[in-house]
Amino acid sequence: MAAVRSICCHCESRCGVLVELDDEGRPAAVTGDPSHPISRGFLCPRGRAAVDYYEDPRRLRVPLRRRGARGEGRWEEISWEAALDEVAAKLLAISEESGPEAVAYLNGTLFAGDGWFGNRLLHKLGSPNCGGAGLMCGGPQFAAGALTFGFASAFPEVVPGLTETVVVWGQHPAASAPMYWALIRQAQRAGAKLVVVDSRPTIESRHADLWLQPRPGTDAALALALVNLVIDEGLVDEDFVGRWARGLDELAARASEYPPERAAELTGVPAARIREAAALYAGRRPAALSSGTPNGQGRNALNLERSLQILIALTGNFERPGGNHLFGPLPEVGSEVTHDAFGEVPPEQRRKRLGADRFRLHGEGVELLSEAATRVWFGIEYPITRRSLGIAHPPSIFEAISSGDPYQVRALLLSHHNAVGAYSGSAAAVRALTDPKLELLVVHDLRLNPTSMLADIVLPAASWMEKPFMWSSGWGNLVATGHRVVAPAGERRSDYEFCRDLGRRLGQEWPDRVEDVYDEWLRPSGRSFAELLDSEQPWLPGTDQRRRHEQLDPSGEPLGFGTPSGQVELSSTVLAQLGYDPLPSYEPRTSQPEPDFPLYLMTGGTRIDATHQDHRQVPSLRARHPDPQLEIDPDLAAAHDIAAGDWVEIETEHGSIRQRATFTPDLGTDRVSAERWWYPERDGPTPSLFGYPEANVNAVTSCNLDACDPAYGALPYRIASCRIRREPDQG
Ligand code: SF4
């Protein structure tokens with residue numbers, strides 16, 4: 001069988017794969033590419049199921065136009081040309097009448113390297129209202145890194161045999177980044193200690209030398225206690241901090257409010273364990289620290305991530321081999337940032353970015369941070385815009401659609417984004433997407449889901465096997481290319497083709513093929529996309545920008561950091577300028593369990609058999625995980641007369657859902673953890689919307705803007721409250 005070399009895009013690990021084709025040229029099997037420099041032949045269950053995923057009979061093949069009411073499920077087939085003509089005419093009319101800001105775009109889980117061209121489409125139109133899942137994902141972490149170090153965040157570089165300590169904070173790499181988890185295990189076997197901080201027991205906590213289990217939503221207090229101990233016990237790297245950082249005295253004063261005993265009261269983690277963690281992290285160096293998606297922390301998201309980035313700076317683990325490393329943008333290869341046309345949006349339009357007046361890091365903040373970063377990072381304009389900053393705030397978009405405040409959003413484009421399932425308080429998304437004031441909802445996706453079901457026009461998307469690929473995120477240490485494995489089935493088009501064909505109708509200039517864009521990105525490296533793709537090693541390593549702050553500028557002075565002060569900002573000048581507290585702090589939970597809803601409700605954990613809300617439609621993966629699962633401590637279950645596998649009603653002040661009890665020893669009797677959207681096999685039309693209100697925990701949480709992080713807008717995912725009961729009807 002012939003095999004085509006490509007890149008699995010079912011999560012951001014982007015493993016190298018070999019896709020075997022049968023005699024008819026159809027994908028028959030996927031194996032790991034042993035020559036790939038990072039994945040080295042590894043393939044997780046999602047990757048192994050990639051053929052089933054590709055072959056899913058529910059995948060869309062032709063464009064559809066709504067015939068009945070939104071969500072009614074009556075469609076007519078339409079040609080791409082007619083669909084795009086109709087969409088373009090409407091967008092131009094709206095843009096003319098209400099300004100381009102009345103058009104918004106959100107993307108979700110990306111299925112290849114061309115997923116960010118929607119931002120270019122919107123920016124070229126003159127709308128600042130694009131964004132999406134990045135805000136729900138690593139956004140707060142990148143924002144914290146930008147505020148502290150002047151670019152993204154300092155990433156862990158675990159080196160087995162060298163790294164002495166690994167800290168995994170609120171992260172589940174065994175499911176979300178399996179290769180990183182394998183590296184951590186290798187480091188442990190070579191003598192490294194593993195510290196895990198997680199409110200839930202996980203595979204990682206079971207392997208940990210030390211597990212800290214804070215109450216949900218209190219992680220920021222714990223992180224501040226570690227900062228306090230590091231300072232108090234003389235564990236600060238005086239040379240680095242004295243030369244390169246500012247704000248240590250103010251930080252020390254703030255952190256002193258969180259001695260271990262107080263942190264123990266706030267978090268439930270014994271003071272002795274907090275001390276042990278500080279000693280392991282700051283006393284056994286090099287130590288590598290990574291964190292998951294801190295969005296669940298709501299108002300404390302940035303507080304937590306700022307404290308973690310600061311810990312890296314204080315302890316001498318920054319830019320130390322085996323510790324954490326700051327990847328800057330790659331000077332020798334372009335990326336989505338190169339072509340996102342961010343700078344083409346006029347300043348008066350940028351000021352209209354939805355959510356940016358309230359969550360000011362997305363407005364004036366991105367301008368301040370980008371200007372400073374540009375000085376250090378090769379003069380690249382707006383190097384830190386994508387994913388983390390300079391994006392619109394999705395719940396603010398929904399709010400604007402429903403209320404018309406601050407202005408009416410009249411058209412929304414969604415790409416690979418099941419918004420109805422994704423956001424906490426997803427009733428707000430449903431309300432917005434069904435509001436008649438939203439005159440046009442266009443979805444480009446792989447299949448019908450609760451969100452595309454509400455669209456006016458649904459366009460069939462090509463999956464990663466159906467398009468050429470170049471993974472160049474704008475930072476990191478590898479640029480990788482992948483072949484298109486097969487021609488798109490039916491009338492599916494790639495993200496690039498969708499954006500190009502719509503953009504041209506809007507009067508925009510777009511290169512003919514995505515390969516032309518990739519050629520342009522590669523030009524400084526002297527390679528072409530085709531040449532790189534067909535070479536023995538179809539990737540480029542990034543240049544090593546280690547310790548860039550020490551490199552000299554043309555006047556012979558060290559470059560320093562890409563922050564306004566040129567230093568590591570323990571106390572942030574940008575946050576101060578925006579009117580926020582420049583230091584990390586801790587706000588007590590806004591959603592304390594109450595007598596009526598006495599349990600913490602954690603939401604949205606990661607699994608190896610499902611990427612976010614995806615993969616439930618793949619039979620081999622569904623067999624591993626047939627029903628939505630409520631993680632519950634056996635002691636709590638016994639108190640409610642719940643047996644393993646029972647259906648449990650989970651009720652909040654916003655409604656109730658049902659999931660099956662999965663016993664999770666050591667979870668704690670004050671909390672449960674529930675999953676997101678389920679049931680791709682249920683009825684599509686409303687009110688079912690593929691089972692959206694039946695089992696999706698986001699359907700019974702809220703997205704009150706007051707509960708979001710005040711500077712960044714991170715969502716309050718994991719800090720709701722609920723009560724539970726065994727369902728009387730177990731059918
Ligand atoms: S889904 Fe699995 S195989 Fe695919 S990129 Fe992610 S870790 Fe690799």
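When a ligand or atom number is given, it counts from 1 through the structure's own listing order.
Of the N and O atoms on the side chains of Ser153 and Glu305, not one donor lies less than 3.5 Å from an acceptor on the other residue.
The distance from atom OG1 of Thr163 to atom CG of Asn324, rounded to the nearest 0.5 Å, is 9.5 Å.
Applying the side chain to side chain donor-acceptor pair (under 3.5 Å) test to Glu531 and every residue at least two apart in sequence or in another chain returns Arg527.
Annotation: side chain of Glu520 is in contact with side chain of His339 (closest heavy-atom distance under 4.5 Å).
Within the sub-2.8 Å shell of atom 4 (Fe) of ligand 1, the protein contributes these N/O/S atoms: Cys8 SG.
Pairs engaging residues 171-195 under the salt bridge (Lys or Arg N to Asp or Glu O under 4.0 Å) rule: none recorded [sequence neighbours left out]. Note on residues 42-59: pairs passing salt bridge (Lys or Arg N to Asp or Glu O under 4.0 Å), not counting sequence neighbours, are Arg26-Glu55, Asp56-Arg447, Arg59-Glu466.
Counting the atoms of ligand 1 from 1 in the order shown, those under 4.0 Å from a heavy atom of Pro178 are 7 (S).
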